[in-house]
Every structure is written in structure tokens, then in C-alpha cells.
Amino acid sequence: MYTFKKEERLCSEKLIQGLFSSGSSFILYPFRITWMAASDESAQLVRVVISVPKRNFKRAVDRNVIKRRIREAYRLNKQELLYQQIEGKNRIVLSIHYVGKEIFPFSFVEKKLKSTLLKLSDEFHEKVVD
RNA sequence: CGGGCAAGCCGUUCUAUCGCUUCAAUUAAUUUUGAAGAGGAAAGUCCGGGCAACACAGAGCAUCCUGCUUCCUAACGGGAAGGAUCCUGGUUAACAGGAGACGGAAAGUGCCACAGAAAAUAAACUACUGCUGAUUUCUGAUCGGCAGAAAAGGUGAAAACGUGAGGUAAGAGCUCACGGCUUUGAAUGGCGACAUUCAUCGCGGUAAACCCCAGGAGUUGAAAGACCAAAUAAACCCCGGUUACGGAGCUGCUCGUUCCUAAUACUUGUAUUACCGGGAAGGGUAGGUCGUUUGAGCGUAUCAGCAAUGAUACGCCUAGAUAAAUGAUAGAAGCCCCCGAUUUAUCGUGGGAACAGAACCCGGCUUACAGGCUUGCAUUUUUU
RNA sequence: GCAUGCGUAGUUCAAUGGAUAGAAUGUCAGAUUCCGGUUCUGAUGAUGGGGGUUCGAAUCCCUUCGCGUGCA
């Protein structure tokens with residue numbers, strides 16, 4: 001389903017602390033992905049944080065626009081690119097950090113996010129095999 | 001008709017697919033259905049309140065803010081109406097338009113660079129007037145002394161209120177007339193600021209310099225605060241306290257006022273135990289609910305008022321998120337711009353749509369804003 | 001959300017309301033050297049923006065922009 005509810009977002013402060021201190025990360029412009037394999041048996045396969053820095057975008061409108069585009073692209077593509085790769089009790093905690101300096105249209109954001117998710121699933125597979 | 005200025009208002013709409021948040025009903029189920037879902041500034045946080053916690057016998061000082069009058073308001077540094085001042089236009093009159101933090105310089109202190117004789121208790125200098133000394137080429141000139149006086153010196157942002165007359169050795173608001181600003185008192189008009197008239201006192205600027213006068217301000221802000229859940233330490237160590245020139249509380253300070261332990265031992269002022277206060281070190285939580293959206297609320301009509309605004313009646317319920325909902329894609333309509341075509345108001349292709357996102361809630365102020373509408377003002381051109 | 005501080009040459013700092021905003025360093029040019037460095041001489045360059053008070057504003061006041069800091 002193309003849904004994106006509250007439960008799929010990462011709100012726990014402890015988990016976020018653990019994610020940024022011990023998670024692995026890579027950059028695929030204009031995103032920086034930080035992710036970590038979790039093993040607790042929550043209902044959601046993937047939990048995600050989307051953040052846009054105030055340093056690069058002063059106005060709240062601009063930050064909202066970027067976040068809405070990322071969220072929409074993630075909602076439309078997560079099912080086939082990410083969820084089908086996950087088996088068993090493996091769970092992913094994920095942070096999408098926007099590092100671009102300008103606002104891109106939706107088509108560009110969607111294309112980049114697709115390749116990002118593909119790379120993420122590759123890395124996840126390597127870890128699971130190890 | 002065109003552009004300009006001022007004030008007020010609007011701030012794209014609809015359809016389809018896939019989603020997000022809240023509420024209501026429903027379901028075995030976050031299952032399904034329905035309803036609602038950013039602004040004029042939500043912004044800056046510059047003012048004022050509500051609300052909450054803490055504090056509070058009382059007085060004074062300090063600190064900060066405000067500053068023509070009356071009214072509006074819950075309140076305001078906001079608004080309305082008016083007054084005086086200044087600027088612009090004008091027949092320099094009436095009047096019209098605009099502007100501003102608009103109490104006091106006659107309580108006191110300070111400051112006023114450069115230039116200039118002098119920048120504030122006026123007067124050193126040049127020049128002026130009277131008396132007088134010396135020299136000499138003797139109705140005069142040169143060099144001085146004493147006294148008077150504040151008119152002349154054209155520098156400056158500003159020169160001791162301005163003009164004229166009298167007066168005098170020379171002069172001076174020294175006196176008088178007219179005029180400007182101003183203090184105090186009286187009369188008249190006005191709720192009042194103030195205006196007019198009469199008398200009287202005075203005459204540099206600066207209070208967004210210190211200051212004086214009048215009025216006001218308890219402190220902290222939803223990370224306030226209340227409840228639930230979870231966790232727990234009443235452990236150990238150090239310092240201080242036992243009746244007073246000490247300590248603590250009461251707003252930063254002062255006055256003033258209120259409060260301030262017991263037992264045991266012996267060497268009778270020390271120790272131990274308990275108690276009170278503070279510190280260090282260490283451990284735990286860092287989730288949820290309420291506060292929180294029905295309110296100084298919005299719309300319409302009538303009445304009162306010059307107006308801001310208020311009163312009455314009827315109707316309406318209109319976001320409530322919390323690592324942050326209100327979105328994405330496609331199409332259509334209308335608007336604007338560029339290009340091309342012609343029939344000069346139509347068609348076609350392409351592009352654009354501002355400033356900006358609620359975070360406890362209101363009232364203002366300030367700032368940002370594509371494009372459009374309405375009203376008023378003055379102006380240009382054309383037609384009659 | 002609330003409270004609070006700062007803004008001066010490219011950089012680091014000065015300046016009591018008063019003349020052309022000063023010093024060090026940097027940059028550029030010249031001299032010195034066979035060349036470079038050092039040294040010497042000269043030049044360059046600033047009060048975040050707007051408005052007001054004042055004869056006069058970096059300084060005083062208002063407004064705005066930017067950069068920080070703190071909180072349970």
C-alpha cells in the first residue's frame with residue numbers, strides 16, 4: 001500500500017541517538033543516508049526520519065516544501081524498492097538528511113531517491129549475509 | 001481615457017487518482033463511511049493584556065518605561081476627534097494639504113569643535129569717548145596712563161530680542177513707540193489642551209546630556225504549571241548551626257519586622273549521637289494526559305456617537321499538529337507576459353502566478369508582498 | 001516558544017558627540033638583490049541598511065537586516 005503513517009516515522013529519542021552514534025552512512029547527492037539494522041520485533045519494517053537543515057534554508061516554507069517532496073517520493077517507492085528486500089525479523093532504522101543547497105522539482109527528487117533506495121537495499125543485503 | 005498619490009478590500013477556481021492529521025459513527029481489525037483542515041501578515045517579538053506558578057504587614061531609595069488635551073478600550077508606547085507649532089500651495093488673507101517622542105532651559109550642573117575680539121557671571125584685543133603724562137616739526141602727530149561704555153569688528157549652526165526715535169562726552173531696553181517669543185495674575189469663551197483682551201516679569205541653543213516634575217511597573221514565562229506512569233537513596237563523604245556585634249525570610253538595597261534545637265559523656269567547652277541547612281559524588285527518568293482551542297469569537301440588521309467604538313436582536317461553530325498534518329501527479333477554465341499570424345481583437349506555441357507556514361490565546365504596531373478591485377484627490381490629452 | 005548579546009579596512013582591534021575615522025597585519029607598486037626573502041618608501045581599503053534628534057552622529061533614539069548565546 002502507498003501509505004505513510006505516524007508509526008512509520010522514528011520518534012524515539014533513544015533510537016535516534018543510537019542511530020547517529022553507531023549507524024553506517026553514505027552520501028548520494030542531495031541526500032545523506034544514515035541507517036542501522038535493528039532487531040526488535042516492532043510492527044513496522046522500516047522507520048524513517050526526514051530532516052532538512054535550518055542552516056541552508058532559512059524560511060520554514062522552503063523546508064516544508066522539501067520535506068513534503070521527499071516524503072511523497074518515499075511513500076510512492078518504498079514498497080517495491082525496499083520492503084520486498086526485507087525478510088524475517090530484520091528491521092531498518094533510517095535517516096534521510098537533505099544536504100542540497102537549493103530546492104529541486106519533484107521529478108528530480110523522485111529519481112534520486114529511487115537510486116538511493118536501491119543502494120540502501122544492496123548494502124542491507126551485504127550486512128545480512130555477513 | 002491614461003499614468004500618479006492616499007485609504008480600504010481581495011489574494012485563482014474546478015475535476016480525477018494516490019496519500020497525511022483530527023473528530024463522529026462503525027468494525028474482529030488504523031476496517032469502512034462521512035465531516036473539517038494555514039494567513040493578511042500565521043513573520044519580527046516592538047508594546048499591551050488574559051492565563052499560570054512563586055513572592056507579598058508596611059515605608060523609603062535605586063532601576064526601567066511613558067510624556068499636548070479629551071475620548072475609545074480588558075489594557076496599551078495602539079486608535080479617534082481636537083489644540084498649538086513647523087512645512088507646502090494661495091490674492092501671503094480666509095482657507096486647503098501634509099509632518100512630528102509635542103511636559104520643564106524662569107530649580108541646578110554640564111557641553112557648544114574649527115573660525116572669531118568674544119560661545120555665556122560677557123568682555124583680554126582693535127577701534128570709540130573724556131581727563132591726563134612724555135616727546136616733537138605744537139589748532140596737529142607719535143608713544144603711554146586712568147576712567148567710561150558695550151554701539152562698530154562679518155567669523156560661525158548660533159553673537160546677547162528686532163526696527164525707529166529720544167538721550168549722552170561716547171554709548172547702552174537706559175527711556176519711549178511698534179513688533180516677536182515668554183513667566184505670572186485676572187476677565188471672557190471652551191469638559192480640556194488652548195484662544196482673545198488687560199496688567200506684569202523676562203529675553204542664545206541643547207533635556208533622543210545629567211537632571212527636575214507628573215504618572216506607571218512584584219518576578220518569571222506554556223521548556224509556565226497540574227496529574228498519571230516509570231525509577232528511587234531514608235546510603236556514604238565534607239562544611240556550617242545550639243542564644244547573638246550571629247544566621248535566615250520578607251523585591252535589588254536600607255529601615256523596620258518575624259523566626260532560629262535536643263540528649264549523653266566528662267576535662268564546662270569540647271566530643272559523640274540525633275536533627276536542620278548547604279555542597280560534592282553517584283544513580284534513575286527524559287513517556288503520556290490535561291493546560292489546548294467557545295473566544296475581550298465571527299456574520300447580518302437596527303439604534304447611539306463627528307469618529308474610534310459601544311448597545312440590542314437573530315444566526316453560526318470556524319485548524320489543533322508535537323523530529324511538526326494541510327501534500328504529490330495529470331487535465332481544464334480564467335488572469336499576466338513574450339513570440340508569430342492576420343481581420344486589431346481573435347487564434348496558436350511557450351512560459352509565469354507574489355510575500356510567505358499556525359505551535360497557549362487575544363488586541364495593536366512594524367516589516368515583506370506578483371497581480372487585481374472600489375472610493376477620493378489633483379493633473380494631462382481628446383471630444384462636446 | 002521565551003529571554004538575551006553583538007555588528008568598524010580582506011583579518012585582529014582602537015576612537016569623550018567635533019577637522020580627512022587610527023594602529024598592526026594583509027594586498028599592490030617602487031627601491032635594495034643576479035633572483036627570492038628580510039628591510040625601507042608610497043598607495044589601497046571600513047562604521048550592516050533606512051530614518052530621526054543635533055550646527056555636527058561610528059557614538060544618542062527608532063526601525064530593519066544579519067550573526068550568535070542561554071533555557072527542562
Side-chain angles (χ1 to χ4, degrees):
Chain A
M1 284 295 293
Y2 300 110
T3 58
F4 187 61
K5 301 232 169 166
K6 177 85 184 295
E7 284 73 20
E8 291 179 59
R9 299 182 208 175
L10 181 55
C11 302
S12 162
E13 206 164 316
K14 268 187 172 176
L15 266 177
I16 295 168
Q17 292 257 331
L19 171 64
F20 283 104
S21 59
S22 62
S24 53
S25 65
F26 62 90
I27 289 185
L28 197 152
Y29 187 80
F31 307 111
R32 189 176 71 201
I33 302 296
T34 309
W35 69 280
M36 185 175 71
S39 55
D40 58 338
E41 300 186 16
S42 56
Q44 307 301 324
L45 297 172
V46 178
R47 278 174 292 173
V48 66
V49 172
I50 298 169
S51 61
V52 178
K54 199 174 188 177
R55 180 185 293 273
N56 294 342
F57 301 95
K58 298 290 180 197
R59 289 183 194 81
V61 175
D62 299 339
R63 277 179 266 130
N64 277 349
V65 163
I66 293 165
K67 279 201 253 185
R68 280 166 180 163
R69 285 181 181 161
I70 295 173
R71 199 188 303 140
E72 189 70 13
Y74 178 79
R75 180 179 73 80
L76 292 174
N77 296 292
K78 64 176 180 176
Q79 191 67 31
E80 41 190 316
L81 294 178
L82 205 57
Y83 277 28
Q84 295 179 1
Q85 312 292 325
I86 300 170
E87 300 146 352
K89 290 184 178 179
N90 293 310
R91 303 285 184 268
I92 294 182
V93 176
L94 177 67
S95 153
I96 302 174
H97 188 84
Y98 192 82
V99 294
K101 291 279 184 347
E102 52 197 298
I103 303 169
F104 294 110
F106 178 76
S107 56
F108 181 85
V109 172
E110 189 176 25
K111 193 181 80 182
K112 284 291 184 182
L113 194 75
K114 275 184 185 173
S115 52
T116 305
L117 290 180
L118 281 174
K119 183 169 180 183
L120 176 64
S121 55
D122 284 352
E123 291 209 358
F124 178 69
H125 263 287
E126 286 178 27
K127 278 244 171 169
V128 166
V129 166
D130 292 346

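The chains referred to below are lettered A, B, ... by the order of the sequence lines, with proteins before strands, and numbering in each begins at 1.
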- Base orientation of U293(B), chi within 90° of 0 counted as syn, else anti, reads syn

- Message: Could you tell me the Watson-Crick or G-U partner of C236(B), where both distances fall under 3.5 Å? Say none if there is no partner.
- Response: none

- What distance, rounded to whole Å, do you find between the two C1' atoms, one in G305(B) and one in G79(B)? 16 Å

- Query: What integer number of Å spans the C1' atoms of G225(B) and G327(B)?
  - Reply: 36 Å

- Message: In whole Å, measure the gap between the C1' atoms of A53(B) and C46(B) for me.
- Response: 26 Å

- Item | Pairwise C1' distance, C227(B) and U292(B) [rounded to whole Å] | 16 Å

- Base, sugar-phosphate alone, or nothing: which one does R69(A) contact when heavy atoms must sit under 4.0 Å apart? nothing

- Which glycosidic conformation, syn or anti, is assigned to A38(B) if syn requires a torsion within 90° of zero? syn

- Whole-Å distance, R63(A) CZ to G357(B) C1', equals 10 Å

- Message: Taking the P atom in each of U91(B) and C355(B), what is the distance between them to the nearest angstrom?
- Response: 50 Å

- State whether R75(A) and E72(A) are salt-bridged, where the test is any N-O pair (Lys NZ or Arg NE/NH1/NH2 against Asp/Glu carboxylate O) under 4.0 Å. yes

- What's the closest nucleotide to the R68(A) side chain, out of C18(B), G357(B), A323(B)? G357(B)

- Task: Name the pairing partner of A62(B), where a pair is Watson-Crick or G-U wobble with both distances under 3.5 Å, or state none.
- Result: none

- Quick note, K67(A) side chain, CB onward, closest among A323(B), A324(B), A328(B) is A324(B)

- G110(B), syn or anti by chi within 90 degrees of zero: anti

- In whole angstrom, give the distance that lies between atom CD1 of I50(A) and atom P of A324(B). 8 Å

- Message: Does atom NZ (K119(A)) have a neighbourhood of more than 12 heavy atoms from anything else shown, all under 6.0 Å?
- Response: yes

- Query: For U318(B), is chi within 90° of 0 (syn) or not (anti)?
  - Reply: syn

- Message: What's the gap between G49(B) and G60(B) when it is taken at their P atoms, as a whole Å value?
- Response: 23 Å

- Take the protein atom CG of L113(A) and the nucleotide atom P of A328(B), then report the distance between them rounded to whole Å. 16 Å

- So OG of S51(A) and OH of Y98(A): to nearest 0.5 Å the spacing works out to 12.0 Å

- Query: For U196(B), is chi within 90° of 0 (syn) or not (anti)?
  - Reply: anti

- Task: Using the C1' atoms only, state how far G320(B) lies from C336(B), rounded to an integer number of Å.
- Result: 38 Å

- Rounded to the Å, how far apart are E72(A) CD and A330(B) P? 12 Å

- Message: Please report the distance, rounded to the nearest Å, between CG in N64(A) and C1' in A359(B).
- Response: 12 Å

- Task: Please report, rounded to the nearest Å, how far the C1' atom of G327(B) is from the CD1 atom of I66(A).
- Result: 15 Å

- Message: From CZ of R71(A) over to P of U21(B), roughly how many Å is that when rounded to an integer?
- Response: 10 Å

- Task: May I have the distance from R75(A) (atom CZ) to A328(B) (atom P), rounded to whole angstrom?
- Result: 11 Å

- Item | Pair partner, G348(B) [Watson-Crick or wobble, under 3.5 Å] | C339(B)

- Message: Let me confirm one number: the OG1-NZ distance from T116(A) to K112(A), rounded to the nearest 0.5 Å.
- Response: 7.5 Å

- Task: State the pairing partner of U142(B); accept Watson-Crick or G-U wobble contacts with both distances under 3.5 Å, and report none otherwise.
- Result: A134(B)

- Message: Is there a path of hydrophobic side-chain contacts, each under 4.5 Å between heavy atoms, that joins I27(A) and I66(A)?
- Response: no

- Item | Interatomic distance at C1', G49(C) relative to A57(C), whole Å | 16 Å

- Item | Who pairs with C360(B) - Watson-Crick or G-U, where each distance is under 3.5 Å | G50(B)

- Stems involving RNA chain C: give each as a range paired with a range, ordered by first number, where a stem means at least three consecutive Watson-Crick or G-U wobble pairs under 3.5 Å. C:1-7 with C:65-71, C:10-13 with C:22-25, C:26-31 with C:39-44, C:48-52 with C:60-64

- Between V61(A) and V65(A), which is nearer to the 5' end of RNA chain B once each is assigned its nearest nucleotide? V65(A)

